[in-house]
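Report on the structure given below.
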Number of protein chains: 2
Amino acid sequence: MASDHTRSAILAAAERLYADRGFGDVTLRDIVAEAGVNLAAVNYHFGSKDELIAELFVTRSVQTNRERLRELKAAEEDGGGRAPIEVILRALVGPTLRGCLGPENQRSTAARFMIRASIESVPPIRRIKNREIDHLRKFAGAMRRALPERSEVDIYWGLNFALAMAHHTIRESERLTKLSEGKCDLDDVEDVVARVVSVATMALTAGRAETKAPPRVAAR
Amino acid sequence: MASDHTRSAILAAAERLYADRGFGDVTLRDIVAEAGVNLAAVNYHFGSKDELIAELFVTRSVQTNRERLRELKAAEEDGGGRAPIEVILRALVGPTLRGCLGPENQRSTAARFMIRASIESVPPIRRIKNREIDHLRKFAGAMRRALPERSEVDIYWGLNFALAMAHHTIRESERLTKLSEGKCDLDDVEDVVARVVSVATMALTAGRAETKAPPRVAAR
DNA sequence: GATAGTTTCATACAAGTGTTTGAATTGCAA
DNA sequence: TTGCAATTCAAACACTTGTATGAAACTATC
């Protein structure tokens with residue numbers, strides 16, 4: 001087994017570079033330079049570049065999902081099997097938002113890497129990603145228990161919109177800051193979480209009447 | 001000037017391929033094969049690959065923005081300088097959603113290309129993209145006129161969330177279909193537009209009291 | 001129909017990619 | 001220390017990328 005030092009140095013360097021610059025333009029040579037190891041080390045320890053990426057993604061994927069599920073489980077147990085919708089949504093988007101936003105120095109490389117992965121979708125990751133659906137289904141289930149009177153379609157749309165707001169805010173955080181001339185404070189993570197959860201909750205609990213077909217406004 | 005046939009064949013082929021497979025793995029050789037022209041034609045007509053991408057993006061960018069602004073202008077004139085917030089939001093997200101969703105055969109390559117561009121952010125595009133902010137600012141202005149009692153920060157967040165829901169829904173449409181087992185009908189574009197507009201409107205018009213700090217729910 | 005300018009083409013080039021190789025070095029057990 | 005496996009390393013490999021070249025084909029004007 002030996003030191004494993006090289007192995008983890010590669011993992012750390014690769015994750016950092018991918019998180020910062022995306023998969024598109026990070027080469028093996030960039031990674032080994034950052035890690036301070038020899039070029040051949042990647043193929044020796046991981047077999048191929050794709051397997052390195054896959055290992056990175058799988059590791060982080062189960063971590064993130066575990067964290068989200070832990071929050072969800074705790075909430076549902078507190079409520080005797082039924083958690084308030086706000087808390088469910090918070091468990092869904094909170095961990096990722098907290099990892100990717102906030103003061104620069106405390107942003108987690110892991111979370112930023114996962115966002116990259118959710119954006120760029122390079123082949124080795126795309127193959128794995130289908131399992132994510134099973135994970136989301138657990139949240140959909142919890143949401144249905146929290147809002148039993150709500151139609152399934154509305155639940156899925158609410159879930160979709162919650163993820164949309166969280167991910168987009170992270171991905172376009174720079175643009176939002178520039179657009180608002182700094183007025184939107186993305187370092188106040190808990191405020192961002194609260195905003196996303198609040199809007200998603202409204203989407204899910206708004207007046208039943210307009211559920212299937214929200215009020216159409218005449219175009220133009 | 002001659003035929004220009006080769007030029008436009010390249011543009012069309014490139015747009016189609018980029019829209020389908022992303023910038024990451026579409027080579028010049030793929031493009032010329034699809035266009036049925038010689039490899040050197042790209043450099044002859046456009047100078048370089050990056051300039052080809054840039055031209056594609058600039059063309060589509062002004063088209064999309066013009067379409068959105070046309071809807072916005074018309075709405076504001078109808079209302080004597082102040083349009084209902086729903087109509088503004090519809091002008092913002094409608095064109096893109098209509099171009100990217102709906103029955104497969106009527107999805108516009110142009111819109112799908114723009115979504116790719118908004119996701120992958122390859123260098124030649126990134127350089128141009130900053131002008132997008134000026135465009136969004138016009139919508140922010142219209143929204144502020146529609147909701148003068150609302151704080152600027154809330155306006156920007158609402159704008160951000162509206163774009164978030166629209167783009168994310170397009171990008172992850174496949175996953176949403178699979179997750180909901182087809183229950184969410186993404187071919188019914190007008191329903192999708194209505195849902196996005198409805199939620200964004202709620203986000204922007206929800207009870208004033210909880211504006212700055214939406215109700216916090218105890219975590220876990 | 002000859003000629004000049006434009007456009008196409010096959011081909012070559014330089015640079016960069018992930019991967020492989022085989023020799024050197026290391027670390028550890030006998 | 002000796003011996004052997006695990007690891008590191010420099011170098012080369014095979015391949016793909018975008019771009020450049022110079023000859024060929026075409027087009028239109030005189």
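Numbered from 1 within each chain, the chains take letters A, B, ... in sequence-line order.
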Do the charged groups of [X] and [Y] touch, with an N to O distance under 4.0 Å?
X: B:D20; Y: B:R116; value: no
X: A:E71; Y: A:R98; value: yes
X: A:R112; Y: A:E15; value: no
X: B:E55; Y: B:R7; value: yes

Just wondering, do B:V193 and B:L101 contact through their side chains at under 4.5 Å, heavy atoms?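 Result no, sub-4.5 Å side-chain heavy-atom pair not found.
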
For B:Y156, what residues pass the ring pair (Phe, Tyr, Trp, His ring centres under 6.0 Å) criterion, not counting sequence neighbours?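 For B:Y156, no residue satisfies ring pair (Phe, Tyr, Trp, His ring centres under 6.0 Å) once neighbours in sequence are set aside.
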
Kindly write out the residues that satisfy ring pair (Phe, Tyr, Trp, His ring centres under 6.0 Å) with B:F23, not counting sequence neighbours, or none if the list is empty.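 By the ring pair (Phe, Tyr, Trp, His ring centres under 6.0 Å) rule, B:F23 matches B:Y18, B:F113.
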
For D:dT8, take OP1 and OP2 only and decide whether either is under 4.0 Å from a side-chain N or O of A:T6.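 Yes.
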
Ignoring hydrogens and geometry, is there a side-chain-to-backbone donor-acceptor pair from B:R21 to B:D25 under 3.5 Å?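 Judged by distance alone, yes, a pair lies under 3.5 Å.
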
Report the end-to-end axis angle of the helix from C:dG1-D:dC30 to C:dA30-D:dT1; each axis comes from five terminal pairs, and the value is rounded to 10°.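 Helix axis angle between the two ends: 10°.
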
Rounding to an integer number of Å, can you tell me how far [X] [atom1] sits from [N] [atom2]?
X: A:R7; N: D:dT8; atom1: CZ; atom2: P; value: 12 Å
X: B:H5; N: C:dC9; atom1: NE2; atom2: P; value: 11 Å
X: B:D4; N: D:dT27; atom1: CG; atom2: P; value: 14 Å
X: A:L52; N: C:dG18; atom1: CG; atom2: C1'; value: 12 Å

Within 6.0 angstrom of A:R131 CZ, more than 12 heavy atoms from elsewhere: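 Atom CZ in A:R131 is not crowded, with 12 or fewer foreign heavy atoms closer than 6.0 Å.
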
Please determine, by modelled atom types, if B:E51 and B:S48 share a side-chain donor-acceptor pair under 3.5 angstrom.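 Side-chain D/A pair, B:E51 to B:S48: present.
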
Of residues 38-48 of chain A, the positions that come close to DNA chain D - non-hydrogen atoms, cut-off under 4.0 Å: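 Heavy-atom contacts with DNA chain D come from A:N38, A:A40, A:Y44, A:H45.
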
Which residues in residues 20-37 of chain B have at least one heavy atom lying under 4.0 Å from any atom of DNA chain D?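 Here the set is B:T27, B:L28, B:R29.
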
Could you tell me which residues satisfy salt bridge (Lys or Arg N to Asp or Glu O under 4.0 Å) with A:R16, sequence neighbours excluded, listed by chain and number?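 Salt bridge (Lys or Arg N to Asp or Glu O under 4.0 Å) list for A:R16, sorted by chain: A:E34.
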
